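This is a predicted model, so every value here is computed, not measured. Computed over heavy atoms, backbone and side chain alike; hydrogens, waters and symmetry mates excluded. Proteins get letters first, then strands, A, B, ... in listed order; numbering begins at 1 in each.
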Number of protein chains: 2
Amino acid sequence: MQTPTLRDVADAAGVHPATASRALNPATRGLVNADTARRVIKVAESLGYRPNPIARGLKTAKSGTVGLVIPDLTNPLFPPIVRGIEDVLEPAGYSGLIVNTDNDPGRERAQIEQLRSRQVEGLIIATALLDHPLLAQLRREGVLMVMVNRRPDGIDVPSITPDDATGVELAVRHLADLGHRRIAHLAGPLQTSTGLVRARAFRSAIRDRGLDDDPDLVEVCTYWSEEAGAVGLRTLLDRGTEFTAVVAGNDLIALGCYDVFAERGIDCPSEISVVGFNDMPFLDKLRPPLTTIAIPHQQIGAEAARLLLDAIADPARPARSVLLPLSLVVRGSTAPPR
Amino acid sequence: MQTPTLRDVADAAGVHPATASRALNPATRGLVNADTARRVIKVAESLGYRPNPIARGLKTAKSGTVGLVIPDLTNPLFPPIVRGIEDVLEPAGYSGLIVNTDNDPGRERAQIEQLRSRQVEGLIIATALLDHPLLAQLRREGVLMVMVNRRPDGIDVPSITPDDATGVELAVRHLADLGHRRIAHLAGPLQTSTGLVRARAFRSAIRDRGLDDDPDLVEVCTYWSEEAGAVGLRTLLDRGTEFTAVVAGNDLIALGCYDVFAERGIDCPSEISVVGFNDMPFLDKLRPPLTTIAIPHQQIGAEAARLLLDAIADPARPARSVLLPLSLVVRGSTAPPR
DNA sequence: CTGAAAGCGCTAACAA
DNA sequence: TTGTTAGCGCTTTCAG
C-alpha cells in the first residue's frame with residue numbers, strides 16, 4: 001500500500017476526514033474531543049501516516065518553503081550562512097530552496113521567478129542584486145524578503161549585516177596598539193556596499209586615532225580576489241609610499257598580499273603586518289596565520305531566517321534591521337613595526 | 001490582482017482551462033490546435049502567468065524536488081558537491097531540499113522523514129548513514145536514492161564515488177618517481193569506507209611498485225581531522241621507523257602533519273614530503289603549498305543528480321554506479337628525498 | 001481538436 | 001464536538 005492519506009486514517013479511526021484533520025493538527029486539536037483525538041493520532045501513527053504538505057499548501061497557500069538566493073555556494077562565505085538559515089528554518093517546519101545566481105542579473109531574475117512559482121513564502125537574498133529595479137518590484141508585489149550582508153538603500157527591506165565599521169575600527173586599533181602609524185588599506189571594489197563601508201570606516205578610524213591620513217595609503221582593488229589584492233599591494237609598494245601595515249578589504253585580498261610578499265621577499269609580519277576580513281576557514285594554516293576580523297556568518301544566517309519567519313508570521317510588522325558585532329582574531333600576521 | 005491562475009488565462013483566451021493546460025504544457029501541446037496554442041501562450045505571457053507546481057504536483061504526485069542529505073554544509077567537502085547537484089537539477093526544473101544531519105543517526109532519520117513527507121521524488125545521500133537498516137528500509141519502500149562518496153555494500157543502490165584507489169596509486173607513484181622508497185601512510189578511520197579503501201589501495205600500490213612494505217609505516221588516525229593527523233604523525237615519528245614521505249588519508253590529516261613539522265622543526269619537503277587527499281580550497285596558500293589528490297567534487301554532485309534524474313525518469317532501469325577519476329596536483333610539499 | 005467532469009490530499013466555513 | 005460541503009490550481013480521462 002502506498003503512503004496512507006488522511007482519508008485512510010479517518011476511515012480506520014471511524015471518523016470524518018475533517019475530524020481527523022483537526023485532531024492531527026496541534027493548532028486545531030482543541031476543537032476535538034480529547035478521546036477522539038487520541039484515537040485518531042494513534043491510528044495515524046500505526047498507519048505510518050505522514051501529512052502531505054503539498055496538499056495542505058494548496059489549500060492554505062503556504063508552501064512551508066523559503067528561497068535562498070546566493071551567488072555561489074562554492075564561495076566559502078556562504079555555506080555557514082546557509083547552515084545558519086537551515087538551522088532555524090528546520091525546527092520551524094520550513095525548508096530552504098537554494099539557488100545560485102553567479103551574480104548574473106539574468107539568472108538572478110530567472111531564479112527568483114522560479115522560486116516564486118514554487119510558492120516560496122519569502123526570500124533571503126545574499127546577492128548583490130545589481131538589478132536594483134527587481135528588488136523594488138518584488139517589494140511592490142508584496143514579496144517578503146530579508147537581505148543578508150547588504151543594506152539596500154532607499155528601499156525598506158529588513159536586512160542583517162555585519163557591523164563592518166566597527167570591524168575595521170577593531171583592525172585599526174589593533175595595529176595602532178602595536179605601534180603602527182602608517183597603515184594602508186587595500187579596499188574592495190567601491191561599487192559594492194561592503195567595499196565602500198569598509199573604506200569609509202577605515203578613513204574615519206585612522207582619523208579618530210590621529211594616525212597618518214594619507215590618501216596614498218588607500219588603494220582600491222577591482223575585485224574581491226587574491227589576484228586583485230596582489231595587484232593592489234604591488235601598486236601601493238611601487239608608489240613608494242611608506243607603510244608598515246595593511247588592512248585588507250577581505251581575506252582573499254590579504255591572501256594576494258601573501259603572494260606579493262613571497263614574490264618580493266618581504267617578511268610578514270616583521271616588515272609588513274596584514275589584517276584580513278571575514279575569517280575564512282583554514283586561515284590559521286597559513287604561514288603566517290592570518291590575523292583577521294571574524295564575521296559570525298552562521299549567526300547572520302540564523303538571524304536572517306528569524307527575521308523572515310517573523311515577517312511571514314506578521315507581514316505588517318515594520319522592517320527591522322540587525323547589525324551583528326564582529327570580533328578580532330589575532331594570529332601571526334601582525335606584529336609591532338620594527 | 002494576485003498571480004493569475006490557469007483559469008484566468010483560459011478565460012482571457014476564451015478557452016476551457018483544460019485546453020489552456022494542454023497548450024501550456026510542451027508535452028501535450030501537440031494535442032491542441034497550433035493557433036489556439038499560440039494564442040493561449042500569448043495570453044499567458046501577457047498576464048504574467050506562472051504555473052503553480054504545487055497544484056500540479058498534487059495531481060501528478062510529482063513535487064519537482066529531491067532531497068539532499070548531507071552531514072554538514074559547513075564542511076568544505078560538500079558545497080561543491082551541492083553546487084554540482086543544483087547545476088543539473090535546475091535546468092531540469094527540479095529543486096534540491098538540503099538537510100544537515102551532523103552525522104547523527106536520529107536526526108538523519110527524522111530529516112529523511114521530513115523530506116519524504118515533502119514528497120521529494122528522490123534522495124541524494126552523502127552521509128555515512130550509520131543506521132544501515134534505514135537504507136535497506138528506504139530501498140524496500142521504493143524510495144529512489146543515489147549515494148555519494150560511498151558505495152553501500154550488500155545493497156543495490158546507485159552510487160557515485162571518487163576512484164580512491166587510483167588516487168592513492170597516483171600519490172604513491174608520484175613519490176616513487178621522486179625517489180622515495182620508504183613511504184608512510186596516515187590512514188583515515190578504517191570504519192569509514194573511504195579510510196579502508198585508501199589504506200588498502202596504499203598497501204597494494206606500495207607492493208606493486210616494489211617499495212618497502214613495512215606495516216610500521218602505516219598508522220591509522222582515529223578521525224579525519226588535523227588533530228588526529230598530528231597524533232598519527234607523532235606516533236609514527238616516535239616509533240623510530242624511517243620514512244621520507246607520507247601519504248595522508250586526507251588534507252586535514254596532512255594539515256596535522258604541518259603542525260607537527262612546526263613543532264619539531266622538521267622541514268617539509270626536504271626532510272619529509274607529504275601528499276594530501278581532496279584538494280580543499282586554499283591549500284595553495286599553505287607554506288609549503290600542499291601536493292594533493294584532487295577530487296572533482298562538483299562533477300560528483302552533477303553526476304549524482306543525473307543518476308537520480310535518470311532513476312526518476314525510469315525507476316525500472318538497473319542501478320548504475322559511477323567511479324570518477326582523480327588527479328594529482330603537484331605543489332610544494334613533495335620533493336626528492338635528500 | 002476541445003470541453004466537461006472528476007479528483008489529487010487537505011482544510012475551512014458552515015451546519016447539525 | 002463532529003460531519004457536510006466546497007474548493008485550493010492543476011491535469012487527465014472521457015466524450016463530443
Side-chain angles (χ1 to χ4, degrees), chain A residues 1-41 43-44 47-65 93 114 116-121, chain B residues 1-41 43-44 47-65 93 114 116-121:
Chain A
M1 166 197 90
Q2 262 317 58
T3 87
T5 82
L6 184 60
R7 257 193 77 129
D8 298 328
V9 175
D11 287 353
V15 296
H16 191 272
T19 308
S21 167
R22 289 187 275 251
L24 260 11
N25 183 336
T28 50
R29 189 167 301 154
L31 307 177
V32 130
N33 179 309
D35 283 340
T36 325
R38 240 191 308 281
R39 184 158 41 94
V40 171
I41 292 171
V43 171
L47 252 45
Y49 169 73
R50 246 176 298 121
N52 181 336
I54 307 208
R56 182 207 311 257
L58 190 53
K59 182 70 187 180
T60 58
K62 313 204 121 225
S63 61
T65 58
Q114 266 283 115
R116 293 191 63 193
S117 84
R118 275 196 189 277
Q119 316 294 120
V120 295
E121 294 181 40
Chain B
M1 163 199 91
Q2 263 317 60
T3 85
T5 82
L6 184 61
R7 257 192 77 126
D8 299 327
V9 175
D11 288 353
V15 296
H16 192 271
T19 308
S21 168
R22 288 187 275 250
L24 260 12
N25 184 335
T28 50
R29 190 166 301 154
L31 307 177
V32 127
N33 179 309
D35 284 339
T36 325
R38 240 191 307 282
R39 184 159 40 93
V40 171
I41 291 173
V43 170
L47 252 44
Y49 170 73
R50 246 176 300 119
N52 181 336
I54 307 207
R56 182 205 312 253
L58 190 54
K59 184 68 187 179
T60 58
K62 313 205 120 223
S63 61
T65 58
Q114 265 283 115
R116 293 190 63 194
S117 85
R118 275 196 189 279
Q119 315 295 122
V120 296
E121 293 180 41

Interatomic distance, [X] [atom1] vs [N] [atom2] [rounded to whole Å]:
X: Leu24(A); N: dG9(C); atom1: CG; atom2: P; result: 16 Å
X: Arg29(A); N: dT2(D); atom1: CZ; atom2: P; result: 14 Å
X: Lys62(A); N: dC8(D); atom1: NZ; atom2: P; result: 19 Å
X: Arg39(A); N: dT1(D); atom1: CZ; atom2: P; result: 14 Å

Task: Nucleotide-resolved protein contact map, nucleotides 9-16 of chain D, B/S/- at heavy-atom distance under 4.0 Å - done: BSBBB---
Open item on the list: I want to check something: taking the side chain as every heavy atom from C-beta on, are Ser63(B) and Ile54(A) in contact at a cut-off of under 4.5 Å?
Closed with: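 The answer is yes; the side chains approach within 4.5 Å.
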Open item on the list: Quick one, Thr28(B) with Val32(B), criterion side chain to side chain contact (heavy atoms under 4.5 Å, CB included). Give me CA distance, side-chain angles, the key distance, then yes/no.
Closed with: CA-CA 8 Å; Thr28(B) 50; Val32(B) 127; over 6 Å; no
Task: Under 3.5 Å: donor-acceptor pair, side chain of Arg118(A), backbone of Thr65(A) - done: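 Absent.
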Task: Sidechain-backbone polar pair: Arg39(B) side chain, Ala13(B) backbone, donor-acceptor under 3.5 Å - done: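 Flag set: sc Arg39(B) to bb Ala13(B) pair under 3.5 Å.
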TODO: Mind listing the closest non-hydrogen atom pair of Arg29(B) and Ala37(B) along with its distance?
DONE: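 So the two residues come closest at CG-CB, 4.1 Å.
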Task: Minimum heavy-atom distance between Val15(B) and Val40(B), given as atom pair plus value - done: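 Scanning both residues completely, I find the closest heavy atoms to be CG2-CG2, 4.1 Å.
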